[in-house]
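Scroll down for the structure; my scribbles are underneath it.
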Amino acid sequence: MLVTPVQPDTALRREALHAGIVDPDMDSMRLLSETAMKFPDALSFSSGAPHDGTHDLAKLSYYVNRYLTHLRDNGVPEQRVTRLHFQYGPVNGFIQDEVVRMLAQDEGIEVPPEAVMITHGFQEAALIALRGLFRSPDDVLLCVSPAYVGIRGAARMLDIPVKGITEGPSGLEPEAVAAAVRAVRAEGRRPAALYLVPDFSNPSGTVVPLEARRRLLELAAEEGFTILEDNPYGLFASDDERLPTLKALDTRGDVVYLGSFAKSAFPGARLGYLVGDRTVVGEDGVRRTLAQELSKAKAMFTVGSSSLSQAAIGGILVDAGHDLRSATRDLAAVYQERLAATLDALAAHFPPERYAEHQVRWNRPRGGFFLVVEVPFEADLAAMERSARDHGVSWAPMRMFHLDGGGERALRLGFSNLTPAAIREGVARLAGFIGAETAPATGSPRPAPTSPIVSEAHA
Ligand SMILES: Cc1ncc(COP(=O)(O)O)c(C=O)c1O
């Protein structure tokens, strides 16, 4: 009689994989979008996707052609234009000139093309900067908390230890950074870099004041750490709100600027850039920019960035006369209108003068894509699922952005891809959800939130 052999179970145990893959925190964004997608009729405040009302497929080929024409107009031979787009290209990219001109126009950042590396979005720029700047297991990344999940994930994937620094109402405070530096040194470790989003941060929409920017630069110089500045939302600031970036104020090369075209152009291009102008000198005495030196990491991560994406973004920059700030004024107005609609709707449903009754408050950012609402109950993923399923509105639990606990009773509203009418409806639904969660029948009254939040929250 034939006996069928028992097939061995060849499944891998997940615990055998890298700790970053096993870490449930690394799964939070996927779980969030999966939960949101289970309820397609729910209005989604859960992501920071840019406004997609202006997308037009015809523009893709227009911008690519615009860039090709630009190259030809500048005397680049046809054979080189062809090779640039079909062949393996320069590791650090080929649209640095366009980015350099844009940085000078839009941000007052003056750097040579050799200081710029074109990357697969902010995310690759962060991975490359971290890989290059962190050498020993005792090198620590100081990181604003709450923070964009992309930086925490990049550090986790590279086994880089992170020390969270809780931000205040005006973002990261220099004194808190100085204290964190001392604490890290006291443990015999080295603070190698500091990550922050000084303009309209994700998730909390905070802006670091000018004086604090100057002080952070002084600290970096005194303590010898690099500042990793991430700035996807600063472009949309109104002229009277606009502050110089840390990179524009940096005279020593202490700031590595991590740029993204996800919000200023379109995220599908997956294009961004790294600015590293500090000189690196080798034992042979050869001097190169940090961006040139880091191209070894870029080559091993992704070989180079997509030629088609570079051409499309290059075309957008050329078309805008390298002045993306002016070219995105209409878009900036769209985001401002959405922010105002969100703030107005919240105030209508939760009158600040009746805070004692509803115990709901929120901060009032002046720009960006997000704001934070504090609620008198645990706003975790299970609560988000109830909100989406029973009330037709999704959002992001703040807990997933905090590095060392916190944010349990707060949620992030991302309003960038909802029309004002959808925002009004979404906040009405959110009010229904909050009412249901706090109704006496569903549980005993809950204590007021204790974590600090922006003072204007009560306005
Ligand atoms: C703080 C922050 N940095 C960077 C990005 C964009 O990154 P990428 O260029 O990789 O899409 C985002 C997008 O949500 C963000 O919120």
Side-chain angles (χ1 to χ4, degrees), residues 28-30 32-33 36 44-52 93 95 99 102 116-130 141 143-155 157 162 164 167 171-172 193-208 227-237 245-247 255-275 298 301-302 305-306 309-310 312-313 316 324 328 331 335 339 365 367-372 395-396 398 400-403 412-417:
S28 58
M29 280 316 277
R30 188 186 61 78
L32 177 67
S33 56
S44 174
F45 286 101
S46 55
S47 94
H51 169 46
D52 52 17
I95 60 165
V99 173
M102 174 204 76
V116 175
M117 172 195 290
I118 309 298
T119 60
H120 283 250
F122 158 85
Q123 195 63 27
E124 193 199 15
L127 282 163
I128 290 170
L130 291 176
L141 174 66
C143 182
V144 64
S145 177
Y148 175 51
V149 290
I151 188 69
R152 177 198 203 163
M157 293 304 163
V162 178
E167 68 176 356
L172 203 52
L194 167 72
Y195 167 87
L196 77 159
V197 182
D199 291 289
F200 312 120
S201 73
N202 177 5
S204 39
T206 53
V207 173
V208 176
I227 294 180
L228 302 178
E229 179 175 26
D230 176 13
N231 182 24
Y233 307 109
L235 194 70
F236 303 119
T245 60
L246 290 164
K247 187 67 205 160
V255 179
V256 171
Y257 190 80
L258 306 172
S260 171
F261 289 107
K263 311 293 155 101
S264 55
F266 62 104
R270 300 306 310 127
L271 219 68
Y273 54 94
L274 174 151
V275 180
K298 164 90 185 155
F301 282 144
T302 56
S305 293
S306 148
S309 288
Q310 292 191 73
I313 299 295
I316 288 176
L324 268 192
T328 54
L331 190 56
Y335 293 133
L339 168 60
F369 284 19
F370 310 101
L371 58 78
V372 178
W395 35 267
M398 274 300 285
M400 53 190 255
F401 304 103
H402 281 260
L403 270 68
R412 186 194 73 176
L413 294 185
F415 44 79
S416 47
N417 202 17

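Just follow the structure's listing: the first ligand is 1, and inside any ligand the first atom is 1.
- Closest to atom 6 (C) of ligand 1, if we only count protein heavy atoms, is Ser260 OG, 3.7 Å.
- Under a 4.0 Å heavy-atom criterion, Gly48 is not in contact with ligand 1.
- Ligand 1 does not have Glu124 within reach: every non-hydrogen atom of the residue lies 4.0 Å or more from it.
- Contact annotation: the side chain of His51 never approaches that of Ser416 to less than 4.5 Å [non-hydrogen atoms, C-beta and beyond].
- Judged by distance alone, with hydrogens and angles left aside, the side-chain atoms of Gln123 form a donor-acceptor pair with the main-chain N or O of Gly150 at under 3.5 Å.
- Taking a cut-off of under 4.0 Å to the non-hydrogen atoms of Pro232, the atoms of ligand 1 that pass are 1 (C), 2 (C), 3 (N), 4 (C), 15 (C).
- Counting heavy atoms under 4.0 Å from ligand 1, residue Phe369 does not touch it at all.
- Neither the backbone nor the side chain of His120 has a heavy atom within less than 4.0 Å of ligand 1.
- Distances shorter than 4.0 angstrom do not occur between any heavy atom of Phe261 and any atom of ligand 1.
- Near Gln123, the atoms of ligand 1 lying under 4.0 angstrom from a non-hydrogen atom of the residue are 10 (O).
- The nearest protein atom to atom 3 (N) of ligand 1, hydrogens excluded, is given as Asp230 OD2, 2.6 Å; this is a heavy-atom distance.
- Taking atom 13 (C) of ligand 1 as the reference point, the nearest protein heavy-atom neighbour is Lys263 NZ, 3.0 Å.
- Taking 4.5 Å as the limit, every side-chain heavy atom of Val144 sits out of range of all side-chain heavy atoms of Val197.
- Side chain of Lys263 to main chain of Gly48: a donor-acceptor pair is present (N/O by atom type, distance under 3.5 Å, no hydrogens or angles).
- Ring-plane geometry between Phe369 and Tyr233 is classed as tilted, the angle between the planes lying from 30 to 60 degrees on a 0 to 90 degree scale.
- Within the 3.5 Å criterion, the main-chain N or O of Leu371 finds no donor-acceptor partner in the side chain of Arg412.
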